[in-house]
Amino acid sequence: MANRPARRVENENDIGRCVRRALDAYFRDLDGERPAPLHDMVMACVEMPLLAYVMAQVEGNQTQAADILGMNRNTLRKKLKFYGLI
């Protein structure tokens, strides 16, 4: 993969900048090797701490967490189990 600068995004937020920096470092560290399936890797890296954080904010109330996250409670439970958070 060619080492080309990533295109800058207008109105990028703090989370977006953090992800971009992490991806820049990831590709730098690859040193020419082929990357892992990137979408699933990034989603897992972001989703687990997001779920853990929201669950802590609502003191474990899955109904409130699902509402905040904009997902069905059953989907939330499935994800919490997948990440070992319940």
Side-chain angles (χ1 to χ4, degrees):
M1 215 164 212
N3 284 343
R4 58 189 159 182
R7 183 174 70 99
R8 293 294 166 207
V9 178
E10 295 290 322
N11 300 320
E12 188 172 57
N13 63 25
D14 289 342
I15 294 171
R17 281 189 292 276
C18 182
V19 170
R20 182 177 302 279
R21 281 192 306 272
L23 288 171
D24 285 344
Y26 174 73
F27 277 93
R28 224 178 9 260
D29 291 346
L30 284 176
D31 195 31
E33 294 294 319
R34 186 159 177 81
L38 203 54
H39 183 268
D40 289 342
M41 181 183 77
V42 171
M43 291 301 107
C45 288
V46 172
E47 189 170 52
M48 197 274 268
L50 172 65
L51 296 175
Y53 185 87
V54 171
M55 288 299 293
Q57 291 299 305
V58 297
E59 299 176 345
N61 185 311
Q62 293 176 15
T63 302
Q64 288 179 1
D67 186 50
I68 289 169
L69 292 163
M71 67 176 61
N72 179 285
R73 184 176 175 277
N74 291 331
T75 301
L76 173 61
R77 283 190 57 77
K78 180 177 150 188
K79 290 176 180 286
L80 293 172
K81 285 181 182 180
F82 177 80
Y83 292 114
L85 297 172
I86 59 169

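Computed from a predicted structure; not experimentally measured.
- With sequence neighbours left out, the side chain to side chain contact (heavy atoms under 4.5 Å, CB included) criterion links Phe82 to no other residue.
- Under the side chain to side chain contact (heavy atoms under 4.5 Å, CB included) criterion, Glu47 pairs with Leu51, Lys79, Tyr83, not counting sequence neighbours.
- Both Met43 and Leu23 are assigned to one and the same hydrophobic cluster, defined by single-linkage of ILVMFWY side chains at heavy-atom distances under 4.5 Å.
- Within a 6.0 Å sphere centred on CG of Asp31, heavy atoms belonging to other residues, nucleotides or ligands number 12 at most.
- Side-chain contact between Gln62 and Ile86 is present, with heavy atoms from C-beta onward closer than 4.5 Å.
- Contact record, Ala44 with Pro49: O-CD, 4.3 Å, taken as the closest heavy-atom pair.
- Two residues are said to be in side-chain contact when any heavy atoms from C-beta on lie closer than 4.5 Å; Met55 and Leu80 meet this criterion.
- Smallest separation of non-hydrogen atoms from Ala65 and Leu76: CB-CD2, 3.7 Å.
- Applying the side-chain hydrogen bond (donor to acceptor under 3.5 Å, both in side chains) test to pairs two or more places apart or on separate chains, none has a residue in residues 34-43.
- Counting only residues at least two apart or on different chains, no salt bridge (Lys or Arg N to Asp or Glu O under 4.0 Å) pair has a member in residues 53-72.
- Shown here are the side chain to side chain contact (heavy atoms under 4.5 Å, CB included) partners of Val46, two or more places apart in sequence or in another chain: Val42.
- Under the side chain to side chain contact (heavy atoms under 4.5 Å, CB included) criterion, Arg28 pairs with Asp24, Ala25, not counting sequence neighbours.
- Listed here is the closest heavy atom pair of Pro35 and Phe27: CG-CE2, 3.9 Å.
- Hydrophobic clustering, with ILVMFWY side chains joined whenever heavy atoms are under 4.5 angstrom apart, keeps Tyr26 apart from Met48.
- Residues satisfying the side chain to side chain donor-acceptor pair (under 3.5 Å) criterion with Asp14, sequence neighbours excluded, are Arg17.
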